[in-house]
Amino acid sequence: LPLKCPYSMRNTSTMTLNEILEQIKGCKVQDEDNTIYTVVSLRYFNGSISTIGLKDPNGVVKYCPADRYMEMASVA
């Protein structure tokens, strides 16, 4: 699968945090259990992304660390 959404986070050195959210909001990622999540928000700490809000199929938002998000597979 292409890593379009997570890959976009790797090129963020000159982007503001709001620009990063605009870039990845709505992207879908899948975990090892084949659950598909949609990116809905970001949480910041000291000017860096600390967690990413992912909405599951039931509409529940769960927050995961940015490195965990990068491990998930992007889905179209």
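Please read these numbers as outputs of a predicted model, since none were measured by experiment.
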Check: Between the side chains of Q30 and N34, does any donor sit under 3.5 Å from an acceptor?
Finding: yes

Next item on the list: Return the minimal non-hydrogen interatomic distance between I49 and A66, and the atom names on each side.
Entry: CG2-CB, 4.2 Å

Checklist line | No-hydrogen, no-angle side-chain donor-acceptor test under 3.5 Å, Y63 and S41 | finding: yes

Note to self: Just so I know, are the side chains of L42 and I24 near enough to count as touching, which here means a heavy-atom distance under 4.5 Å?
What the structure shows: yes

Check: Quick one: are T51 and F45 in side-chain contact, heavy atoms under 4.5 Å?
Finding: no

Next item on the list: Identify whether the distance between the nearest side-chain nitrogen and carboxylate oxygen of K25 and E19 falls below 4.0 Å.
Entry: no

Next item on the list: Answer yes or no: is there a side-chain heavy-atom contact under 4.5 Å between V29 and L54?
Entry: yes

Item checked: Polar side chain donor-acceptor pair, T38 to K28, under 3.5 angstrom -> yes

Notebook entry, point to check: How many angstroms lie between OH in Y37 and NZ in K55, if you round to the nearest 0.5 Å?
Noted result: 13.5 Å

Next item on the list: Using side-chain hydrogen bond (donor to acceptor under 3.5 Å, both in side chains) as the criterion, list what pairs up with R43, not counting sequence neighbours.
Entry: none

Margin query: Distance check, rounded to the nearest 0.5 Å: C64 atom SG versus E71 atom CD?
Written below: 9.0 Å

Check: Roughly how far, to the nearest 0.5 Å, is the CE atom of M70 from the CD1 atom of I52?
Finding: 8.0 Å

Next item on the list: With sequence neighbours left out, write down each residue that passes side-chain hydrogen bond (donor to acceptor under 3.5 Å, both in side chains) with Y44, or none if nothing qualifies.
Entry: none

Next item on the list: Could you tell me which non-hydrogen atom of P57 sits nearest to which non-hydrogen atom of T35, and how far apart they are?
Entry: CD-CG2, 3.8 Å

Notebook entry, point to check: Hey, is the main chain of D33 close enough, under 3.5 Å, to the side chain of D31 for a donor-acceptor pair?
Noted result: yes

Margin query: So, taking the atom named CD1 in I36 and the one named CE in M72, what distance separates them when rounded to the nearest 0.5 Å?
Written below: 10.0 Å

